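For this chain, numbers begin at 1 and follow the sequence in order. This is a predicted model, so every value here is computed, not measured. Both ligands and their constituent atoms are indexed starting at 1 by order of listing.
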Amino acid sequence: MNQYLNKALEEIEKKNAGEPEFLQAVREVFCTVEKLVDKNPQFEKLALLERVAEPERIVTFRVPWVNDEGQVIVNRGYRVQFNSVIGPYKGGLRFHPSVNQSIIKFLGFEQIFKNALTGLPIGGAKGGSDFDPKGKSDNEIMRFCQSFMTELYRHIGADVDVPAGDIGVGGREIGYLFGQYKRIKNAYEGGVLTGKGISYGGSLARTEATGYGLTFFMREMLKANGHDLSGKTVTISGSGNVAIYAAEKITSYGAKVVAMSDSNGCIYDKNGIDLNAVKQIKEVKRGRIKEYLDIHPDAEYTERTSEDSPIWSIKTDIALPCATQNEVTLNSAKKLVENGVLAVGEGANMPCCQEATDYFLENKVFLAPAKAANAGGVATSAIEMSQNSMRFYYTFEEVEAKLDRIMTNIFKACKENADKYGCPGNYVAGANLAAFQKIADGMIAQGIV
Ligand code: NDP
Ligand code: 2IT
């Protein structure tokens, strides 16, 4: 390995011991950009690797709130403002009990490169809380969001840092967060958050954007390799925002989604998943995926009993992990390959553990890497920001056409860089190389900051 890269990585590993997800994300990027580091000896003098792996700022804060029983609960809030070289900090908020500093830092780190790939002027950030929204009433969610924003507001702004949704944060939460921000600031700063409701400054197609964008990327990747989506069988983990709209769009190209899941288990419907039923269960009732059987008793449900999700044992042409990090283990990757999987598209952030990624690449599975394949969400957030600045709205078709162009260009960048650096077909490396070059250029131009 390049000597400087090796030394920098060792130092970063020592400094961030105890943050496994963050180190996993850093290692993946660093190990795939080695040739770029070889070509640029000035990186060492400028401590570029050390600087890119150190967040510009981390804020952690107390989030106290009162539940419906009158008990005071204390959660922990985070905002990691990782890199502002190409634009204001930008990235989602995750509310999930597993949230800790390592997870927010890995997400913020990946966001730097993902946002660079979109071609739009947005830096990298992430935030969230260990708050668990499951089973909470609307009033509890509102009180939590208000308390969270009462601290967060002083760290964000349309030209400073623009949060959005992620796991556990959707339209309802963004609404409560925005309401509290507006109340505190006594100003209508629409561009401070994205993923807003359509009636108060949101962008058409933002809800659909990540899943639609994933499908566009998959379409381009298959096309470049002599395949298409029509007639393909698809399995999608998760049944949240990304999973639902990936299912919707990929079906429109003639593919058939046969399985979806949540953290408890997965459903298999050989006739093709009834997406309206899933939307009703997840978007309206906020229920469990198992309830699909109440509507379609012929479908099958398998409970998850180990870290290997049962969904990856189902035979499929295309697998779209759209739930969470490290949900595809090496065992799951082996099952998928054994069953003849053609392509894997990462809708979630870092859903494949490193061994699974390596296994897919060794076995010539077309792998669409998260930073590129799920960038449609944040790209459309940037389009929302630009509409807010213009005080103007695009139609759904206009936003979707822009999204399609952006995803097509991202695929092109991944392919060109994979070819240029001698690893054709390795879009993981292609994405990291394209994004890293852009971030490095900006950091060098802006001096030691
Ligand atoms: P949602 O909260 O809408 O849905 C999350 C889904 O993933 C649910 O079905 C949930 O199941 C499942 N899930 C979450 N955590 C776990 C876990 N620890 N184990 C198993 N299943 C889990 O989130 P999104 O759809 O927005 O996000 C999904 C993924 O996509 C995340 O990795 C996110 O970072 C990424 N992403 C999201 C973008 C967006 O615009 N929303 C943009 C780019 C990436 P359950 O209900 O049982 O918890
Ligand atoms: O991981 C992601 O890219 C997101 N959750 C979306 C971030 C955003 O700012 O829209």
Which of these, Val242, Val378, Asp166, has its nearest heavy atom closest to atom 25 (O) of ligand 1? Val242
Between the side chains of Glu398 and Tyr393, does any donor sit under 3.5 Å from an acceptor? no
Check: Lys371/Asn349 side-chain N/O donor and acceptor closer than 3.5 Å: no
One should read off an interatomic distance between Leu152 CG and Leu193 CG, to the nearest 0.5 angstrom, of 8.0 Å
Does either side chain, that of Thr329 or that of Ser332, offer a donor lying less than 3.5 Å from an acceptor on the other one? yes
N or O pair under 3.5 Å between Ser239 and ligand 1: yes
Between Gln180 and Thr150, is there a side-chain donor-acceptor contact under 3.5 Å, judged purely by atom types and distance? yes
Look at atom 10 (C) of ligand 1 and say whether a protein heavy atom is found at less than 4.0 angstrom from it. no
Kindly state whether the ring of Phe178 and the ring of Tyr200 have centres lying under 6.0 angstrom apart. yes
What I want to know is whether Asn241 and ligand 1 share at least one N or O pair that is separated by under 3.5 angstrom. yes
Given Ile236, Asn374, Leu214, identify the one with the heavy atom nearest to atom 44 (C) of ligand 1. Asn374
Provide the number and element of each atom of ligand 1 under 4.0 Å from a heavy atom of Arg94. 31 (C), 32 (O), 33 (C), 34 (O)
Report yes or no: do Gln81 and Asp161 form a side-chain donor-acceptor pair below 3.5 Å? yes
Would you compute the distance between atom CD1 of Ile167 and atom NE2 of His96 and round it to the nearest 0.5 angstrom? 6.0 Å
Please work out, at 4.0 Å between heavy atoms, whether the side chain, the backbone, both, or neither of Ser309 comes within that distance of ligand 1. neither
Short side-chain donor-acceptor distance under 3.5 Å, Tyr181 and Lys185: yes
Mind checking whether Asn349 contacts ligand 1 via backbone (N, CA, C, O), side chain (CB onward), both or neither, at a 4.0 Å heavy-atom cut-off? both
Could you list which atoms of ligand 1 come closer than 4.0 Å to a heavy atom of Ala348? 29 (C), 30 (O), 32 (O), 35 (C)
Under a plain distance cut-off of 3.5 Å, with no hydrogens placed, do Gln24 and Gln354 share a side-chain donor-acceptor pair? no
Specify the protein heavy atom at minimum distance from atom 45 (P) of ligand 1: its residue, its atom name, and the distance to 0.1 Å. Ser263 OG, 3.5 Å
Judged by modelled atom types alone, do Thr194 and Lys90 share a side-chain donor-acceptor pair under 3.5 Å? yes
At a 4.0 Å threshold, what atoms of ligand 1 neighbour a non-hydrogen atom of Cys322? 28 (C), 29 (C)
Note down each nitrogen or oxygen pair, ligand 2 side and protein side, whose separation is under 3.5 Å; give only atom names and the distance to 0.1 Å.
residue	atom	partner	partner atom	Å
ligand 2	1 (O)	Lys114	NZ	2.9
ligand 2	1 (O)	Lys126	NZ	3.1
ligand 2	1 (O)	Asn349	ND2	3.0
ligand 2	3 (O)	Gln111	NE2	3.0
ligand 2	3 (O)	Lys114	NZ	2.7
ligand 2	5 (N)	Lys126	NZ	3.3
ligand 2	5 (N)	Gly165	O	3.0
ligand 2	5 (N)	Asp166	OD1	2.9
ligand 2	9 (O)	Lys90	NZ	2.6
ligand 2	10 (O)	Arg206	NH2	2.9
ligand 2	10 (O)	Ser381	OG	2.6

Taking the minimum heavy-atom distance to atom 39 (C) of ligand 1, which of Ile167, Thr210, Thr207, Asn264 ranks first? Thr210
protein heavy-atom neighbour closest to atom 19 (N) of ligand 1 works out as Thr324 CG2, 3.7 Å
For atom 12 (C) of ligand 1, the protein heavy atom that lies nearest, with its residue and separation: Ala323 CB, 3.8 Å
Can you confirm, on distance only, whether ligand 1 has an N/O atom lying under 3.5 Å from any N/O atom belonging to Arg304? no
For Ala243, is the nearest heavy atom under 4.0 Å from an atom of ligand 1? no
Which ligand 1 atoms, with their elements, are less than 4.0 angstrom from a heavy-atom of Lys134? 45 (P), 46 (O), 47 (O), 48 (O)
For ligand 1, the portion of His96 having any non-hydrogen atom under 4.0 Å away: side chain
Decide whether a cation-pi geometry holds between Lys126 and Phe109; the criteria are a distance under 6.0 Å from NZ or CZ to the six-membered ring centre and an angle within 45° of the ring axis. no
Does Arg183 CZ have over 12 foreign heavy atoms under 6.0 Å away? no
Any chance the side chains of Lys256 and Asn271 put a donor and an acceptor closer than 3.5 Å? no
Hydrogens and angles aside, do Tyr89 and Gln111 bring a side-chain donor and acceptor to less than 3.5 Å of each other? no
For ligand 1, which is the ligand I care about here, please tell me if Gly238 has any N or O atom under 3.5 Å from one of the ligand's N or O atoms. no
Subset of ligand 1 atoms that lie under 4.0 Å from at least one heavy atom of Gly347: 30 (O), 35 (C), 36 (N), 44 (C)
How far is atom 4 (O) of ligand 1 from its nearest protein heavy atom, and which residue and atom name does that atom have? Gly240 CA, 3.3 Å
Would one find an N or O of Gly168, backbone or side chain, under 3.5 Å from an N or O of ligand 1? yes
Could you tell me, atom by atom, which parts of ligand 1 come under 4.0 Å of a heavy atom of Arg206? 40 (O)
Does the residue Met350 have a heavy-atom contact with ligand 1, meaning some pair of atoms that are separated by less than 4.0 Å? no
If you measure only the distance, is there a donor-acceptor pair under 3.5 Å linking the side chains of Asp262 and Ser239? no
Work out whether the distance between some heavy atom of Gly170 and some atom of ligand 1 is less than 4.0 Å. no
Does even one non-hydrogen atom of Ser98 get within less than 4.0 Å of ligand 1? no
Determine whether the aromatic ring centres of residues Trp65 and Phe148 are separated by less than 6.0 angstrom. no
With no hydrogens and no angle check, do the side chains of His296 and Asp274 hold a donor and an acceptor under 3.5 Å apart? yes
So for Arg288 against ligand 1, with non-hydrogen atoms under 4.0 Å, the contacting part is side chain
I'd like to know whether the aromatic ring centres of Phe366 and Tyr427 sit less than 6.0 Å apart in this structure. no
